[in-house]
Amino acid sequence: MSSVQSTSDFEPTAAFLSGATIEWLEPKLADHLKNGNTLQSFSVEEDKPASDCRESVSTEPCDLAGEEEDIDCEEEQEDSFTDTEEDLGAVEEQRSIILHLLSQLKLGMDLTRVVLPTFILEKRSLLEMYADFMSHPDLFVTITDGAGPEERMIRFVEYYLTSFHEGRKGAVAKKPYNPIIGETFHCSWSVPRDPAQRGGFSSSSQGSLNKDLPEAGGEAPDCYHVRFVAEQVSHHPPVSGFYAECQERKMCVNTHVWTKSKFMGMSIGVSMIGEGLLCLLEHGEEYTFTLPCAYARSILTVPWVELGGKVNVNCAKSGYSAAITFQTKPFYGGKLHKVTAEVKHNPTNAVVCRVQGEWNGVLEFTYHNGETRVVDVTQLPVTKKRVRPNEMQGPYESRRLWQNVTEALRKKDIDKATEHKCFLEERQRTEERHRIETETPWRTRYFQSEGEGWVYHKPLWKTLVPNP
């Protein structure tokens, strides 16, 4: 939720250096064939040929609309992915390309389909980035332990505010891979039932792995299990759906996000349009929440991420709500990454808790009785997610899908990374043309369109009966 995603990629090709105008990539669709047709779509020019794509793999269309796959948890292993984005590297070397691109953009311009250069990519898909915001599953599973609705709302606010910091991979702001339509990501976390056994490692140090959890396949019987699935349900507009559940705690969260970006001079702003729903079935409570905007600042020097905007959390049953404000830094003075929150009981208009601090630093909770509590986000234990090895993943699971791009970026081979990315993008366009020609609507695997949103097809609130 916090990492900046410009919602597309751009290539460092000779076209930029020769002064050519920006190309628009996707073909026009008949209304009934548009992926994500419950949301606004855009008309664009014809797609470009794949003349620069030198992959030997065939780009013939393939059918992705098969049945969903039940992931075997015994195949998952503790994640060994340790890449961080600290090195400017190619960003500094390719500054002339960035300058040329910026010269063609206008303030407020929608960047949804502007092709951005490969060298600004971080080594993970946007779908995996959403999973990384669940890196404190111990806080997630204890939301339902709150003694009353007031405490449960405050616990949810704490979990929400502490989720953004770990979603970033390093100090330098790069963008995750733009998910291919039909792309999925699966993972899980094991959380010891005994709070004394919960540990992981501190994100401010190298730390040690959770020694009480299984090293390879299988799950510890004394753990809660949090499972996560994400799917790219639409390409234009770019919409992702993701869902997490803990059956033992009878709780789940469903979210859909449309990332819409625009050019702001020396920054790129990304609106996270959508809504999340947390269900605590044990208490019959539903919490709706929205997401902040994200900004990539100083894109010509050392890019960094800032969050901004107002977020609302509401529980209709209990009457409690929270108003959260992510404050952007003023032009002169002021602190970075400030956030404030206010938890209120709506029927009485009483403020029961206030929060202030930095979303990537120290947060101070002040309760209505005068007591205070401090949470240092950088010192919270991080639980590593469990993921199937690439060779056991399906062809459209994120890590296997992007593995050639990732390996090329690790080797700092930008040309090869661009080549592999080009292949994936051209295959996506080929499949889209095939659907148009055969009048075949796009079908998702795990999420269903409901109203203006997307909902996981087997959520706990349908498969479990909540307490009265």
Side-chain angles (χ1 to χ4, degrees), residues 1-4 133-136 139-140 142-143 146 148-168 171 173 203-204 253 255 257 264 267 269-278 287-297 304-316 318-380:
M1 291 180 280
S2 67
S3 177
V4 168
F133 290 118
M134 297 280 299
S135 293
H136 303 307
L139 296 182
F140 176 71
T142 56
I143 294 173
E150 175 183 318
E151 185 178 346
R152 289 191 290 272
M153 174 61 77
I154 295 174
R155 286 185 179 218
F156 176 68
V157 169
E158 178 180 348
Y159 165 74
Y160 184 95
L161 292 177
T162 58
S163 65
F164 297 99
H165 169 67
E166 200 55 39
R168 293 298 315 142
S203 58
S204 64
V253 60
T255 309
V257 182
M264 303 173 61
S267 301
V270 182
S271 297
M272 310 291 279
I273 303 170
E275 187 175 74
L277 176 69
L278 170 70
Y287 298 72
T288 60
F289 59 93
T290 53
L291 303 167
C293 297
Y295 302 91
R297 306 294 195 191
W304 53 279
V305 173
E306 185 174 34
L307 300 181
K310 295 184 178 181
V311 169
N312 295 303
V313 182
N314 289 285
C315 179
S318 69
Y320 283 91
S321 67
I324 303 172
T325 302
F326 293 86
Q327 301 176 15
T328 55
K329 183 181 181 298
F331 191 76
Y332 292 106
K335 290 184 177 181
L336 293 173
H337 311 306
K338 287 186 63 176
V339 63
T340 59
E342 189 175 84
V343 179
K344 181 184 294 186
H345 184 236
N346 296 325
T348 61
N349 206 35
V351 176
V352 298
C353 181
R354 286 187 170 90
V355 187
Q356 63 178 356
E358 295 81 40
W359 58 264
N360 62 351
V362 176
L363 297 167
E364 183 181 62
F365 291 73
T366 303
Y367 301 91
H368 58 85
N369 61 3
E371 294 183 358
T372 61
R373 186 168 64 92
V374 173
V375 176
D376 187 342
V377 175
T378 66
Q379 298 299 316
L380 291 177

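The chain is numbered in sequence order, starting from 1.
- Partners of E151 according to the salt bridge (Lys or Arg N to Asp or Glu O under 4.0 Å) rule, which considers only residues two or more places apart in sequence or in another chain, are R155.
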Output side-chain donor-acceptor pairs under 3.5 Å for residues 338-345, partner residues at least two apart or in another chain, one line each.
unit_1, atom_1, unit_2, atom_2, d
E342, OE2, R354, NE, 3.4
E342, OE2, R354, NH2, 3.4
K344, NZ, N349, OD1, 3.3
H345, ND1, T348, OG1, 2.9

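- The salt bridge (Lys or Arg N to Asp or Glu O under 4.0 Å) check on E158 picks up R373, with sequence neighbours excluded.
- Using a 4.5 Å heavy-atom threshold, the side chains of L380 and L139 count as touching.
- The shortest heavy-atom contact between T372 and T366 is CG2-OG1, 3.7 Å.
- A tilted orientation is assigned to the rings of F156 and F289, their planes being inclined by 30° to 60°.
- Distance check: R297 CZ to T328 OG1 gives 6.0 Å after rounding to the nearest 0.5 Å.
- With values rounded to the nearest 0.5 angstrom, W304 atom CH2 is found 5.5 Å from H337 atom NE2.
- Without hydrogens or angle criteria, N314 side chain to A316 main chain gives no donor-acceptor distance under 3.5 Å.
- Applying the side-chain hydrogen bond (donor to acceptor under 3.5 Å, both in side chains) rule to S321 yields the partners N346; only residues at least two apart in sequence or on another chain are considered.
- N312 pairs by the side-chain hydrogen bond (donor to acceptor under 3.5 Å, both in side chains) definition with nothing, not counting sequence neighbours.
- Closest heavy-atom contact between H136 and T162: CD2-O, 3.3 Å.
- Residues meeting the ring pair (Phe, Tyr, Trp, His ring centres under 6.0 Å) test with Y159, sequence neighbours left out: F140.
- Between atom SG of residue C353 and atom CD of residue E150 there is a gap of 8.5 Å, rounded to the nearest 0.5 Å.
- Note on ring orientation: taking the six-membered ring where Trp is involved, the planes of Y160 and F326 are tilted (angle from 30° to 60°).
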